J.: 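One structure, as C-alpha cells, below. Some questions next.
To find a chain, count down the sequence lines: A is the first, B the second, and so on, and within it residues start at 1. No hydrogens, no waters, no symmetry mates; every other heavy atom, side chains included, goes into these values. Just so it is clear, the model here is predicted, and its values are computed rather than measured.
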2 protein chains.
Amino acid sequence: MSPTRTTSETAPVEALRLDRQLCFALYGAANRMQRLYRPLLDALGLTYPQYLAMLALWEQSPRSVGALGEALDLDSSTLTPLLKRLEAAGLVSRTRDPQDERRVIVTLTDAGAALRDRALTVPEQIFCQVGLPLDELTALRDKLKTVAS
Amino acid sequence: MSPTRTTSETAPVEALRLDRQLCFALYGAANRMQRLYRPLLDALGLTYPQYLAMLALWEQSPRSVGALGEALDLDSSTLTPLLKRLEAAGLVSRTRDPQDERRVIVTLTDAGAALRDRALTVPEQIFCQVGLPLDELTALRDKLKTVAS
DNA sequence: AGCGATTTAATCGCGTACGATTTAAATTCA
DNA sequence: TGAATTTAAATCGTACGCGATTAAATCGCT
C-alpha cells in the first residue's frame with residue numbers, strides 16, 4: 001500500500017513546505033489583492049502602484065521623488081518611470097527644485113487632484129471583497145507593518 | 001498658526017489614507033520579504049518566484065505546468081518563461097506529456113533535487129530576520145491565506 | 001576658492017505578473 | 001467521422017521592482 005515511487009514526494013522536509021512559508025502566503029495575498037483592485041483601477045486609468053503613489057500625493061502634493069520613495073518604500077529606479085507615466089497621463093507635473101537642482105518635485109495637476117473624487121469609493125468596494133471583518137483587517141494590516149521592517 | 005497653504009494636504013479623507021490601506025501594508029511587506037530573501041537566494045542562483053517554484057517541485061516532482069500554476073496561483077504566461085530559465089540553469093526538464101501533447105511536464109533534474117539540501121537553512125535564516133515569534137508568524141500566515149481567496 | 005565625498009535622480013538590464021491573443025491538441029457530439 | 005468547442009501552453013505587450021551604474025548638483029573641509 002506504499003505510494004508508487006515514480007514521483008519524488010521526497011520525504012517531507014517540513015521547513016521547506018510551501019504551505020508553511022510566510023513568504024508564500026504574503027506573495028499570494030499580494031498578488032490576489034492586486035487582481036482585486038485591477039478592474040476598479042482600470043476605470044480610473046491607474047495601475048496598482050500608480051494608485052499607491054496617488055494616495056501618497058493626495059495626502060501631500062508637492063513632494064520630491066525621494067520623499068515619495070520614502071513613503072512608498074520604493075527607489076527612484078522604480079518611481080521615475082512610474083511618475084513619467086503619471087505625468088504623461090496628465091495627473092502630475094515633474095519639475096526640478098530651484099533650491100536644489102538635484103531634486104525633482106512632483107506636484108498633482110488639477111486633473112490629478114480631481115481624480116481623488118472618483119477614487120473615494122474604491123476602499124469600500126475592496127473591503128466588501130476581502131471578506132474580513134474590519135477589526136481583523138485592521139489587526140492584519142498593523143501586523144504586516146511590523147514584518148521585516 | 002494654521003499651516004501654510006501652498007501644500008495641498010487636502011482635508012484628510014480617512015478612507016484614502018495610505019497608512020490605513022491593507023493593500024499597501026501587503027504590498028510593502030511582500031516587497032520587503034523579497035528583499036530579505038534576495039541575498040540568500042542569490043547564493044543558490046534563484047530568484048524569489050523561482051525559489052517558490054522549486055519549493056513546489058521539491059514536494060512533488062513531475063508536475064504539469066498547469067498543476068504548478070495551480071499550486072502557485074500563477075498562469076502559464078508567468079510560469080513558462082520562469083520554467084525555461086530553470087531549465088536553462090539545469091534544474092528542471094520540460095517535456096510534452098506523451099499521453100496528452102497539450103501538457104508540458106516539469107521534472108526536477110538531479111541538480112534540481114540536490115539544490116534542496118542547500119536550501120534547507122533558508123527558512124531558519126529568514127525567520128531570524130522577520131522578527132515575529134513563531135506563533136504570531138503562523139497566525140499571520142494563516143490569516144493571509146484567507147485574504148481575497 | 002577648490003576639490004573630493006555625498007546626495008539625488010535617472011538609466012540600464014533582468015525577471016517577473018498578467019491580460020489578451022495565438023497555436024496546437026484533445027474532446028464533444030451532431 | 002468530422003466540424004465545432006474546449007483545454008493547455010506559449011507568445012506578446014505593458015508596467016513594475018530592484019541591483020548596479022551614471023551624471024549632475026551640493027556639501028564639507030581645509
J.: I'd like to know if the side chain of Tyr48(B) reaches the main chain of Cys23(A), judged simply by a donor and an acceptor atom lying under 3.5 Å from each other, with no hydrogens or angles considered.
T.: yes
J.: Apply the side-chain hydrogen bond (donor to acceptor under 3.5 Å, both in side chains) test between Thr121(B) and each candidate in Gln125(B), Glu124(B), Arg118(B); give the one that qualifies.
T.: Gln125(B)
J.: Does Gln34(A) or Asp100(B) map to a spot on DNA chain D nearer the 5' end, using the closest nucleotide for each?
T.: Asp100(B)
J.: Starting from the 5' end of DNA chain C, give me the residue, Asp73(B) or Asp97(B), whose nearest nucleotide shows up first.
T.: Asp73(B)
J.: For the side chain of Glu101(B), counting heavy atoms from C-beta on, which of dA9(D), dT26(D), dA26(C) is nearest?
T.: dA26(C)
J.: Pick the nucleotide of DNA chain C nearest each of Arg94(A) and Arg102(B); which residue has the one closer to the 5' end?
T.: Arg94(A)
J.: So what does Arg96(A) touch, heavy atoms closer than 4.0 Å: a base, only the sugar-phosphate, or nothing?
T.: sugar-phosphate
J.: Using a heavy-atom cut-off of under 4.0 Å over every strand shown, decide if Leu74(A) touches base, sugar-phosphate, or nothing.
T.: sugar-phosphate
J.: Of the candidate nucleotides dC12(C), dC18(C), dG17(D), which contains the atom at the shortest distance from the side chain of Asn31(A)?
T.: dC18(C)
J.: Assess whether side-chain contact (heavy atoms from CB on, under 4.5 Å) is satisfied between Thr146(A) and Asp142(A), documenting all intermediate values.
T.: CA-CA 7 Å; Thr146(A) 72; Asp142(A) 292 340; over 6 Å; no
J.: Within the structure shown, what part of the strands sits under 4.0 Å from Arg35(B) by heavy-atom distance: base, sugar-phosphate, or nothing?
T.: sugar-phosphate
J.: Given dT16(C), dA10(D), dA10(C), identify the nucleotide with an atom nearest to the side chain of Ser76(B).
T.: dA10(D)
J.: Would you classify Thr47(B) as touching base, sugar-phosphate or nothing, given that sugar-phosphate means primed atoms plus P, OP1 and OP2, and contacts are heavy atoms under 4.0 Å?
T.: sugar-phosphate
J.: Checking Thr109(B) side chain against Leu91(B) main chain: does a donor-acceptor pair fall under 3.5 Å?
T.: yes
J.: Which part of the nucleic acid, if any, lies within contact of Leu79(A), taking any heavy atom under 4.0 Å across all strands shown: a base, the sugar-phosphate backbone alone, or nothing?
T.: nothing
